[in-house]
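Just below is one structure, and these are the notes that go with it.
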Amino acid sequence: MANFYTDTPELKFHLSHPLMKRIVELRERNYTDKDKFDYAPIDFEDAIDSYDKVLEIVGEICGDIIAQNAEDVDHEGPEVINNRVKYAKGTKANLEATRKAGLMGMAMPRRYNGLNFPIVPYIMAADIVSRADAGFENLWGLQDCAETLYEFASEEQRQRFIPRICNGETMSMDLTEPDAGSDLQSVMLKATYSEKDGCWLLNGVKRFITNGDSDIHLVLARSEEGTKDGRGLSMFIYDKKQGGVNVRRIENKMGIKGSPTCELVYKNAKAELCGERKLGLIKYVMALMNGARLGIAAQSVGLSQAAYNEALSYAKDRVQFGKAIINFPAVEEILSIMKAKVEASRSLLYETARFVDMYKALEDIQRERKLTSEERTEMKKYSKLADAYTPLSKGLSSEYANQNAYDCIQIHGGSGFMKDYTCERLYRDARITSIYEGTTQLQVVAAIRHVTTGTYLAQMKAYEQIPVKPELEYIKKRLIKLTEVYEKAVISVTETKNSEYIDFQARRMVEMAGYIIMSYLLLIQSNETEMFRKSLQVYVNYTQAEVTKNASFINTFKMDELGYYRYNCAEQENEISEE
């Protein structure tokens with residue numbers, strides 16, 4: 001029997017982070033639920049033990065059921081019959097297994113039949129599920145939409161919908177339209193209030209909707225007639241039981257084939273307003289997307305892990321020239337970098353999840369009582385860090401997932417190009433991660449202000465203050481020097497006050513910040529346990545090469561007589577000739 005949780009000890013390590021004690025205390029309101037629910041923890045150790053046991057169940061289901069079904073699901077896929085989605089047999093089995101195990105609504109409060117788990121163990125489960133089958137993670141993971149209901153719906157709506165999700169019903173977020181992809185301000189699905197029916201009626205088309213035939217939909221629609229921007233959009237809840245929405249077709253995709261991506265037609269579909277009018281995009285979708293981006297970061301890390309595992313297994317078994325190919329330096333180098341990227345992106349994922357946990361818990365407490373001044377300061381701090389780290393985690397983790405899937409095929413050689421091997425599916429599945437829920441380029445747009453305002457630099461300086469063991473001091477010194485290189489590069493760009501030039505160099509600055517932050521996180525982890533030390537050494541070497549390369553590129557640009565920043569060819573040619 002395979003268990004995708006217990007066979008990866010690096011996962012459990014992240015439950016032991018010092019901040020987890022504060023997170024759990026806030027989430028559990030100092031363990032007051034123990035008097036109301038027999039499955040509520042009585043203290044911190046009991047809570048961690050509960051997370052550990054549930055994650056073991058997740059790992060077992062993933063290893064024995066979801067991963068075993070993945071190949072058949074990829075070949076069979078879902079289909080549309082009479083305007084409804086029919087899942088592949090394996091997908092139905094996966095959903096049944098997760099429902100029976102009570103794994104839906106993990107992060108929802110117990111009063112709605114949830115498990116009241118923090119974001120960290122929930123994201124850990126998403127990481128594990130994604131390793132088993134990234135396509136199924138899109139179905140299971142969309143339960144996270146319930147967080148939006150919990151935050152913005154009325155209490156009456158919460159009581160009606162959230163227990164259904166916790167009991168196994170599925171969700172979708174219906175945002176994109178044929179003419180509104182990343183530009184959600186252009187959404188035109190029409191919402192009209194009907195006095196006769198006493199509800200809102202939705203009309204129009206939605207496209208690229210993941211799990212589009214779900215039980216409960218969150219729908220972005222234009223409620224204010226005559227508007228054309230985001231201020232005219234509201235969020236609605238559509239219940240499939242009401243009827244009025246048909247699946248026109250399922251997209252024929254490159255990967256994640258078990259996850260139906262649908263085109264939906266709304267015809268007088270009855271719906272109800274979620275929250276207040278006009279805040280659909282401005283407030284609710286932004287919160288929804290941040291949660292989704294953290295989910296895609298987890299999906300990316302799971303895919304990276306799966307690609308590394310497949311590559312490692314093949315390299316150990318494949319014999320060429322009388323020895324296993326893992327013994328060839330070129331292959332060993334690829335594998336070591338793949339492993340380092342898995343650990344680096346996972347460290348960033350869980351650091352981000354901890355920040356989200358902290359501010360979300362305090363935000364939730366604020367609905368019940370007034371926060372103390374210390375709590376308000378704490379919430380503001382972690383909200384800012386979550387805002388900074390979410391695009392960094394989604395952007396870099398998804399790029400690493402694609403790189404690891406590529407390298408996995410490379411290690412397989414010609415065999416990797418064949419559908420007989422898992423790596424071919426992983427390669428196709430990974431490709432979407434750097435596109436949906438905001439492309440990597442859009443993540444850079446979201447992250448760049450934290451470069452220019454110094455959020456990332458301040459975090460590097462904070463990590464620098466954490467003591468490390470003597471044998472790790474040399475790595476810490478290297479990271480301090482790389483931080484200086486990053487800081488100088490950022491100053492050289494931002495002091496120009498040229499917005500176009502800053503935008504041009506944004507990707508390089510964001511990447512540099514991400515590489516250094518992930519290196520620091522691996523250093524801190526390596527200070528606690530030796531299991532991360534090899535990856536730390538490999539990743540710091542990788543970081544030094546990448547940071548140096550990006551800084552060097554930035555330094556080659558000079559302002560010309562017209563005020564434009566151009567690549568200084570003459571200066572570079574002189575440097576080369578002098579060498």
Side-chain angles (χ1 to χ4, degrees), residues 4-5 7-15 17 55 58-59 62-63 66-67 70 119-138 140-141 144 255-256 290-312 335 337-357 389-408 423 426-427 429-438 440 443 514-515 517-519 521-522 525 531-532 535-536 538-539 542:
F4 284 8
Y5 173 64
D7 72 359
T8 310
E10 296 89 346
L11 286 164
K12 190 172 182 176
F13 171 83
H14 290 282
L15 288 178
H17 190 279
L55 288 167
V58 174
C62 286
I66 298 173
I119 300 296
V120 169
Y122 168 68
I123 284 296
M124 204 169 286
D127 180 347
I128 298 165
V129 172
S130 299
R131 173 185 158 190
D133 183 357
F136 181 68
E137 159 58 16
N138 278 359
W140 180 83
D144 187 50
I256 53 170
N290 277 336
R293 284 168 178 168
L294 189 61
I296 302 305
Q299 185 181 55
S300 300
V301 172
L303 277 162
S304 280
Q305 182 75 60
Y308 169 72
N309 289 354
E310 289 295 322
L312 179 64
L335 286 166
I337 293 173
M338 289 177 74
K339 175 69 170 175
K341 286 176 179 175
V342 172
E343 298 303 348
S345 55
R346 182 172 282 137
S347 69
L348 182 59
L349 170 66
Y350 292 122
E351 183 81 329
T352 307
R354 288 187 288 268
F355 294 157
V356 173
D357 255 328
Y389 274 50
T390 297
L392 204 63
S393 184
K394 196 279 184 184
L396 295 178
S397 296
S398 63
E399 291 296 327
Y400 280 176
N402 277 274
Q403 292 165 20
N404 272 11
Y406 176 98
D407 285 337
C408 181
C423 61
L426 296 177
Y427 186 75
D429 287 353
R431 189 62 191 90
I432 190 62
T433 60
S434 57
I435 299 173
Y436 61 5
E437 311 309 340
T440 302
Q443 303 313 306
Y515 299 147
I517 285 172
M518 285 189 279
S519 293
L521 291 172
L522 283 176
Q525 291 168 201
M531 78 170 79
F532 296 105
S535 287
L536 169 66
V538 172
Y539 194 74
Y542 176 84

Would you indicate whether the side-chain heavy atoms of [Y] and [X] approach each other to under 4.5 Å?
| X | Y | result |
| --- | --- | --- |
| Y542 | K341 | yes |
| L55 | L15 | yes |
| C408 | N404 | no |
| Y5 | L11 | yes |
| Y389 | I517 | yes |
| Q525 | F13 | yes |

Handout entry: Heavy atoms of other groups near Y406 OH, more than 12 under 6.0 Å
Key = no
Practice task
Without swapping roles, check the side chain of D429 against the backbone of I256 for a donor-acceptor pair under 3.5 Å.
Solution key: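 Judged by distance alone, yes, a pair lies under 3.5 Å.
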Practice task
Could you tell me whether the side chain of S535 and the main chain of F532 form a donor-acceptor pair under 3.5 Å?
Solution key: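 Answer holds: no.
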Handout entry: Which residues share a side chain to side chain contact (heavy atoms under 4.5 Å, CB included) with Q443, sequence neighbours left out
Key =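 Expected list: R293, P391, K394.
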Problem - Partner residues of E399 under the side chain to side chain contact (heavy atoms under 4.5 Å, CB included) criterion, sequence neighbours left out - result: Q403, S434, T440
Practice task
Let me see the working for V301 and Q305 under side-chain contact (heavy atoms from CB on, under 4.5 Å), right down to the final yes or no.
Solution key: CA-CA 6 Å; V301 172; Q305 182 75 60; 5.6 Å; no
Problem - Distance-minimising heavy-atom pair for D144 and A292 - result: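 So the two residues come closest at OD2-N, 4.3 Å.
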Practice task
Indicate the atoms forming the closest heavy-atom contact of L294 with I119, along with that distance.
Solution key: CD2-CG2, 3.8 Å
Going by side chain to side chain donor-acceptor pair (under 3.5 Å), name the residues that satisfy it together with [X], two or more places apart in sequence or in a different chain.
| X | result |
| --- | --- |
| Y436 | N138, Q299 |
| E310 | none |
| Y539 | Y400 |

Fill in the blank from the handout: Contacts satisfying salt bridge (charged side-chain N to carboxylate O under 4.0 Å, His left out) that involve residues 119-131 (not counting sequence neighbours) are D7-R131, D127-R346
